[in-house]
Amino acid sequence: MEVINMDIFNKTYTMTIDGKAVSSDRMIKVINPANEEVIASAPDAKKEDLDAAVRAAKNAFQGWSHKTIEERSDFLCRLGDAIDKHKKEFMNLLTLEQGKPRSGADWEISGSIYWCKEIAKQRLDVEVIEETPEHIVERHHTPLGVVGAITPWNFPVLLAIWKIAPALMAGNTVVLKPSPYTPLCTLKLGEIAREILPNGVLNIVSGGNELGQWITEYPEVSKVSFTGSTETGKKVMQSGASNLKRVTLELGGNDAAIVLPDVDPKAIAKDLFWASFQNSAQFCVVCKRLYVHEDVYDEVLHELVEYAKTVKVGDGSDPESDLGPIQNRMQYEKVVGLIEDTKQIGAKIALGGQVEKHPGYFVPVTIVDNPPEDSRVVIEEAFGPVLPILKYRDYDEVVERANSTPYGLAGSIWGKNLTLAKVIAERLETGTVWINEVHVFSPSIPFGGHKQSGIGIENSLDGLAEYTNSKTIMVNKK
Ligand code: NAD
């Protein structure tokens, strides 16, 4: 097992407010989910800390928004370079606080660097809507002011960059709060940004759910960009109503994957596995319901189980581990409860299901063989490695079953008949549909949920535009 360098923990983690290190007399203990040991403490911000952060962001707004787009782009590239310089430290810290294996940590930190560089190239140019000798109509994009950003614990660094990069490029200043379960990498990011960005442009405050609520209520915060559960997303929208905050909400999902009868079960098993269990299924867009046509159901189930047996669940710092633990006790208990419920209703468990008691929030890869459509394991978002595989007969039926959820985040279709796959894709009520691939993201591809999976878009020029007001300027030239 690789021994993770602990040097970076021989120091205190501090918030970044107005370009300065700020601590608190209240601290949150951060737990390594692989062994349940405390790895470090993070400040638990008080209301006064948030007041100072919002004030700093507000004061920095004029200077930052008046910089040229090229200047802001340059700052963002330098932030990407600084993450790159500390890549190994970030990866180590991410594995320790989040639990993900080395490959997952590499993917997330490399992605964060890439996003900084690519978002830095995006431009919302002035658009001439109409021009005649007498009249000109232009559309401009103006920044909003102070953006409050709130992130979850599954991809703490990448999801923070998905908010910081476009918010800053568009000319806003930011106050960001990470999840209390995974604050360390984000605090480290703030520390690095202190050396690069003007004071007050990016403020990082750490604390519990109450701190998140204060941000959403804050009158001087113009927009909240939130990634987390649907339940919390509704609260964000409610408290943001006080000053009609703009909101971008990236919320929960219960994504369906639909397997057509023309697949080669053996060839597809690996892809279906990773579509469903990436990041130990603590991923908003993993397949959470796998619908397989009855002609190939038995074979697909068999091949999926055989492939799953080759995958190692273990401490993320062990290079042999393919999947890490569940990130925190609350989520672990929820996933274990779902497995218990599945057993109690008598559904057949094709693999896993036995949770061993040892330090660390480990749950074995669990595959449930055709449980009832109304069972909890089918209708709830597990956010852990428990997958129901479900048999279907005809396409109308499977589309109806896939759509019968309040969620609408993403979905995937697997098969050789691309015409049929595209017809089904058009009928799925989700923001993204992948065909014969999954989890493809890019700074230039719009991502967002339908129904109760969210409001708004992240990534692409549409995502960048969400950090601006649209402003129309009309000139009568006569
Ligand atoms: P969560 O909703 O419990 O917490 C998310 C963040 O919100 C945390 O920082 C938390 O402290 C904060 N928070 C909690 N209560 C708040 C309140 N009342 N006001 C403001 N902020 C508050 O979610 P989680 O458990 O951290 O993350 C898992 C969820 O996130 C899953 O449902 C998953 O599907 C979703 N998710 C969605 C996406 C997406 O892009 N759609 C991406 C990742 C995760």
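When a ligand or atom number is given, it counts from 1 through the structure's own listing order. What you see is a predicted model; the values in this text were computed from it and never measured.
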Non-neighbouring partners of Lys451 that pass side chain to side chain contact (heavy atoms under 4.5 Å, CB included), sequence neighbours left out: Glu429
For ligand 1, indicate whether the residue [X] contacts it via side chain, backbone, both or neither (heavy-atom separation under 4.0 Å).
X	answer
Thr151	backbone
Pro180	side chain
Phe383	side chain
Ile150	side chain
Leu211	neither
Val285	neither
Glu381	side chain
Phe447	side chain

Sub-4.0 Å protein heavy atom near atom 2 (O) of ligand 1: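 It does: a protein heavy atom is found less than 4.0 Å away from atom 2 (O) of ligand 1.
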Can you name the atoms of ligand 1, numbered from 1 with element, that are less than 4.0 Å from a heavy atom of [X]?
X	value
Pro178	9 (O)
Thr232	1 (P), 2 (O), 3 (O), 13 (N), 14 (C), 15 (N), 16 (C), 17 (C), 22 (C)
Glu250	37 (C), 38 (C), 39 (C), 40 (O), 41 (N)

Distance-only polar pair, side chains of Tyr467 and Thr248, donor-acceptor under 3.5 Å: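 No, no side-chain donor-acceptor contact under 3.5 Å.
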Any donor-acceptor N or O pair under 3.5 Å, side chains Asp315, Ser317: yes
is_close_aromatic(Phe75, Trp64), centroid dist under 6.0 Å: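 Yes, the ring centres sit under 6.0 Å apart.
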Given [options], which one has a non-hydrogen atom that is nearest to [atom]?
atom	options	result
atom 29 (C) of ligand 1	Ser229, Gly448, Gly252	Ser229
atom 7 (O) of ligand 1	Phe226, Trp162, Phe441	Phe226
atom 20 (C) of ligand 1	Gly212, Pro183, Gly148	Gly212
atom 30 (O) of ligand 1	Pro152, Gly228, Gly207	Gly228

Presence of salt bridge, Lys121 and Glu118, under 4.0 angstrom: yes
Gap between atom OG1 of Thr216 and atom CZ of Phe226 - 0.5 Å precision: 9.5 Å
Parallel, tilted or perpendicular: rings of Trp274 and Tyr307 (30°, 60°): perpendicular
Residues forming a salt bridge (Lys or Arg N to Asp or Glu O under 4.0 Å) with Asp49, sequence neighbours excluded: none
Nearest protein heavy atom with distance in Å, relative to atom 44 (C) of ligand 1: Asn154 ND2, 3.4 Å
